[in-house]
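This report concerns only the one structure given below.
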Number of protein chains: 2
Amino acid sequence: MGATRKSIETTLDLLWTGLGRPKRGPRHQLTVRRVVEAAMAVAEAEGVEALSMRKVAAHLGVGAATLYTYVPDKAALLALMVDDMIGRAPLPHTRPGTWREKVEAWAREDLASFRAHPWLIEVTSGPFVGPHAFAWTDSALRVFDDTGLSAEEAVAVVESVDALVRGHVARVVVADRAESLTDPQGRSFASIQEGYLSTRRIEAGRFPSIERIEAPLDAVAVFERSLVWLLDGVERDIAERGARG
Amino acid sequence: MGATRKSIETTLDLLWTGLGRPKRGPRHQLTVRRVVEAAMAVAEAEGVEALSMRKVAAHLGVGAATLYTYVPDKAALLALMVDDMIGRAPLPHTRPGTWREKVEAWAREDLASFRAHPWLIEVTSGPFVGPHAFAWTDSALRVFDDTGLSAEEAVAVVESVDALVRGHVARVVVADRAESLTDPQGRSFASIQEGYLSTRRIEAGRFPSIERIEAPLDAVAVFERSLVWLLDGVERDIAERGARG
DNA sequence: GATTAATGTAGAACAGTGTACGGAGTTTTG
DNA sequence: CAAAACTCCGTACACTGTTCTACATTAATC
């Protein structure tokens, strides 16, 4: 993966300003935005692992090599997709209620959004930070303006909530896929594995604590509880800080 | 990716029991374990994204097609790698101290381990659950045996801590890579992006809350604080439960 | 001991992938 | 009108996971 200085800076330019149109040469028959939209459509329909440059190009009715006129890399395309998606989320500080209500609302919606667009979580690993990501973070920090937390502490809270959401999302997305992936006979991966584990190989008493689970909470319920725990901790921290100062 | 019922069950057999040796035919010159070890060596040295069947085969001095005698899939190979790695982690309930000390110890070590072996986090997305994963979870649940939490609630705590760790790990691993990825001239991705953002395009006042950050906490410090918050919340929950019942 | 069935090995091939290259056609500049 | 700058894209290269097929090897059977 040749990540040259030039391709990195071109990607950053695309994220932050867009590229100035050249003066000479034939007119563009596409725009960066249309390329990004097509890529998102493919990712939405078939998942990121099926997202290829050729498929995006075919969607747009152009040759595969043409995409490289608009975008230096597949990595750049993915970064643009992600930042675009972040830009669609409501800004946290504009939500109603106390800081805690704002955090809960954004966390819940983030979880739902990741779940609805699983390609987001599998791609965000890219190290690019775009303007929408900046704006979102800035807005999230503003949520804590009246809490007495320092800027650094507010960052810690924001990143912690984000980490919690992403961690749960990873689990939920895997579970969702295990349910929807089916073999040629129509059995889901989840049911095959469950069948295997329940009928074979796990003798009673080998995992006693797991056996004690009777009615497992669903993933979203677990997420909600963890959010309460985390924010209880933050709230206590804020209250103590207020009592001292 | 053709995940047939047969390949899924073969993978589960490999995870849980190993495969019985056939009666006829030439002797094996390899074992599943050696294949898995070679794959882990490659992942360790070059990262998962560089892990290919041909590279593993070359490492073992055999043809690429030979690997398919031992393993049905690349997915199976990855599942075996992950479960093997999980098996190396100390069992939570054997750690010293209170439930909280045990949780903190395992969370801290998990973070460090993911960071040292980043391929783990990029692969664990696989839906297979192996015996080491079961054993680890069972052990983690035992940590809460004396807290008064129900089995279901203990699961919620374990999954929440795990989610928090994984979420932070994602961030840390991306940051680590942005630091270590260098272009041909030796500049790191992180420094290129930072240079770009600080000298261009972000006019003062556009992101006021971000500007207010002076000495950002490092990622591990943020993780430690979030762990305190989460466990403070859990502890309060446990205490209230104890007071009621 | 010879035959047959079952199995491990691996080269070649298939359908993909991201992307570099070079040529053809198009538009603007001088 | 020529030259420069540019878009478009067929082709090609080095990869990928996986299957197929031919062959060698072993064990069981007659």
Side-chain angles (χ1 to χ4, degrees), chain A residues 1-4 6-8 10-11 19-32 34-35 38-39 42-43 46-81 122-123 126 183-184, chain B residues 1-4 6-8 10-11 19-32 34-35 38-39 42-43 46-81 122-123 126 183-184:
Chain A
M1 311 282 186
T4 63
K6 197 179 162 192
S7 79
I8 294 174
T10 305
T11 305
L19 254 31
R21 302 257 166 89
K23 312 262 157 160
R24 269 173 251 221
R27 305 236 160 73
H28 293 67
Q29 70 182 103
L30 255 43
T31 60
V32 174
R34 282 196 62 203
V35 173
V42 173
E46 310 181 46
V48 243
E49 72 284 345
L51 175 72
S52 71
M53 299 302 268
R54 288 190 234 276
K55 228 173 248 174
V56 174
H59 240 246
L60 293 162
V62 301
T66 301
L67 299 182
Y68 291 87
T69 310
Y70 298 91
V71 139
D73 262 341
K74 192 186 183 184
L77 182 53
L78 294 173
L80 290 167
M81 291 165 66
E122 281 147 40
V123 147
D183 75 352
Chain B
M1 308 287 185
T4 62
K6 197 180 161 191
S7 79
I8 293 175
T10 306
T11 305
L19 254 32
R21 302 256 165 90
K23 311 262 157 162
R24 273 176 245 218
R27 304 239 159 72
H28 293 67
Q29 69 182 105
L30 255 42
T31 59
V32 175
R34 282 197 62 203
V35 173
V42 172
E46 311 180 45
V48 242
E49 72 282 346
L51 177 71
S52 72
M53 298 303 268
R54 284 186 236 270
K55 228 172 250 175
V56 174
H59 240 246
L60 292 163
V62 300
T66 301
L67 298 182
Y68 290 87
T69 310
Y70 297 92
V71 140
D73 260 344
K74 191 185 183 184
L77 182 51
L78 294 173
L80 290 167
M81 292 164 66
E122 281 147 40
V123 146
D183 74 353

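Letters A, B, ... mirror the listed sequences (proteins, then strands); counts begin at 1. All of these numbers come straight from a predicted model, not from anything done at the bench.
A straight line from NZ of B:Lys55 to C1' of D:dA14 spans 12 Å, rounded to a whole angstrom. Atom CD of A:Glu46 and atom C1' of C:dG16 are 14 Å apart (whole Å). The NZ atom of A:Lys23 sits 11 Å away from the P atom of C:dG30 (whole-angstrom rounding). Distance, A:Arg24 CZ to C:dT27 C1': 10 Å, rounded to whole Å. Look at CD on B:Glu49: it is 15 Å from P on D:dC15, rounded to the nearest Å. Look at CG on A:Asp73: it is 12 Å from C1' on C:dA20, rounded to the nearest Å.
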> Should B:Leu19 and B:Val32 be marked as a side chain to side chain contact (heavy atoms under 4.5 Å, CB included) after you check the CA-CA gap, both sets of side-chain angles, and the distance that decides it?
Replying inline: CA-CA 9 Å; B:Leu19 254 32; B:Val32 175; over 6 Å; no
> Given the rule in the side chain to side chain contact (heavy atoms under 4.5 Å, CB included) test, do B:Thr66 and B:Leu60 qualify, once you have shown the distances and angles that lead to the verdict?
Replying inline: CA-CA 10 Å; B:Thr66 301; B:Leu60 292 163; over 6 Å; no
> Does the side chain to side chain contact (heavy atoms under 4.5 Å, CB included) test come out yes or no for B:Leu51 and B:Leu78, once each step is laid out?
Replying inline: CA-CA 10 Å; B:Leu51 177 71; B:Leu78 294 173; 3.7 Å; yes
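Of the possible polar contacts, one joining the A:Lys55 side chain to the A:Ala50 backbone as a donor-acceptor pair under 3.5 Å is found. Side chain of B:Lys6 to backbone of B:Pro72: no donor-acceptor contact under 3.5 angstrom is found. Within the 3.5 Å criterion, the main-chain N or O of B:Leu30 finds a donor-acceptor partner in the side chain of B:Tyr70.
For the contact set between residues 25-32 of chain B and DNA chain C, defined by any heavy atom under 4.0 Å, the members are B:Gly25, B:Pro26, B:Arg27, B:His28, B:Gln29. For the segment residues 58-71 of chain B, the set of residues with a heavy atom within less than 4.0 Å of an atom of DNA chain D comprises B:Ala65, B:Tyr68, in numerical order.
Using a 4.0 Å heavy-atom cutoff across all strands shown, B:Leu51 reaches sugar-phosphate atoms only and no base atom.
In this structure B:Gln29 satisfies the side chain to side chain donor-acceptor pair (under 3.5 Å) test with no other residue, sequence neighbours excluded.
Of all non-hydrogen atoms in A:Glu122 and A:Val48, the two that sit nearest each other are OE1-CG2, 3.2 Å. Residue B:Ala38 comes nearest to B:Val56 through the heavy atom pair CB-CG1, 4.0 Å, listed as atom of the first residue, atom of the second, then distance.
At a cut-off of 3.5 angstrom, the base of C:dT17 holds at least one donor-acceptor pair with the side chain of A:Arg54.
Of the candidates C:dT19, D:dG17, D:dA27, the closest approach to any side-chain atom of B:Met53 belongs to D:dG17.
Listed pair B:Lys74 / D:dG17 meets the phosphate criterion, a side-chain N or O lying under 4.0 Å from OP1 or OP2.
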